[in-house]
Amino acid sequence: MVKHSDKPVSGRVWKQKKECRTSGVIADKAVKSSFEKKMQLKRQKNNIKELANQILSERAEKAEAKRKQIESNKKRREENERKCEIVQTITNTKKLKKIKKKQLRSIQTR
């Protein structure tokens with residue numbers, strides 16, 4: 001029986017033929033960097049982290065300030081609306097019993 005090198009026996013043509021086993025591959029030793037370089041990289045990483053944290057905190061402060069401003073504007077608007085309302089006090093409470101239900105819904109107690 002003759003094997004053809006152009007097509008594998010399994011029929012899986014998309015798989016590449018391995019040259020050697022993974023156990024046979026000799027791993028190269030990693031290039032060691034000096035202690036000064038390691039410390040310099042560590043300092044750079046810390047500086048980047050600090051800068052990122054600073055930017056995030058500034059964003060959070062801006063968002064908080066904006067939220068407080070919106071809240072105070074809303075509160076001021078409501079106070080102004082209450083000031084300009086026309087209010088009629090009901091002194092005789094017996095009138096409340098005679099009033100229709102629709103009118104009772106519109107009455108507000110303060």
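Sequential numbering from 1 along the given sequence is applied to the chain's residues.
- Atom-to-atom distance recorded for Ile90:CD1 and Leu96:CG is 4.5 Å, nearest 0.5 angstrom.
- Side-chain contact between Asn73 and Arg76: present, with at least one pair of heavy atoms (C-beta onward) separated by less than 4.5 Å.
- We find the NZ-CZ distance between Lys42 and Phe35 to be 8.0 Å, quoted to the nearest 0.5 Å.
- Inter-residue side-chain proximity for Lys68 and Glu64 is flagged as met; some heavy-atom pair is nearer than 4.5 Å.
- For the pair Arg82 and Glu78, the salt-bridge criterion is not met [side-chain N within less than 4.0 Å of a carboxylate O].
- Residue Leu51 is tested with Asn47, Ile48, Ile55 for a side-chain contact (heavy atoms from CB on, under 4.5 Å); the sole match is Ile55.
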Arg43/Asn46 under side-chain hydrogen bond (donor to acceptor under 3.5 Å, both in side chains): CA gap, chis, key distance, verdict:
CA-CA 5 Å; Arg43 273 187 250 116; Asn46 286 339; over 6 Å; no
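- Atom CD of Glu19 sits in a sparse spot, with 12 or fewer heavy atoms from other residues, nucleotides or ligands closer than 6.0 Å.
- Annotation: the span from Lys94 atom NZ to Lys98 atom NZ amounts to 8.5 Å, rounded to 0.5 Å.
- Within 6.0 Å of the CD atom in Gln44, the count of heavy atoms belonging to other residues, nucleotides or ligands exceeds 12.
- Atom NZ of residue Lys95 and atom CD1 of residue Ile107 lie 11.0 Å apart, to the nearest 0.5 angstrom.
- Lys102 is listed as a side-chain neighbour of Arg105, based on a closest heavy-atom distance under 4.5 Å.
- To the nearest 0.5 Å, atom CD of residue Glu36 and atom CE of residue Met39 are 10.0 Å apart.
- Put simply, the side chain of Lys38 does not reach to within 4.5 Å of the side chain of Leu41, judged on heavy atoms.
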Decide salt bridge (Lys or Arg N to Asp or Glu O under 4.0 Å) for Glu79 and Lys75; before the verdict, give the C-alpha distance in whole Å, the side-chain angles of both, and the deciding distance to 0.1 Å.
CA-CA 6 Å; Glu79 287 174 2; Lys75 198 174 187 180; 5.4 Å; no
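- How far NZ of Lys101 is from OG of Ser106: 14.5 Å, rounded to the nearest 0.5 Å.
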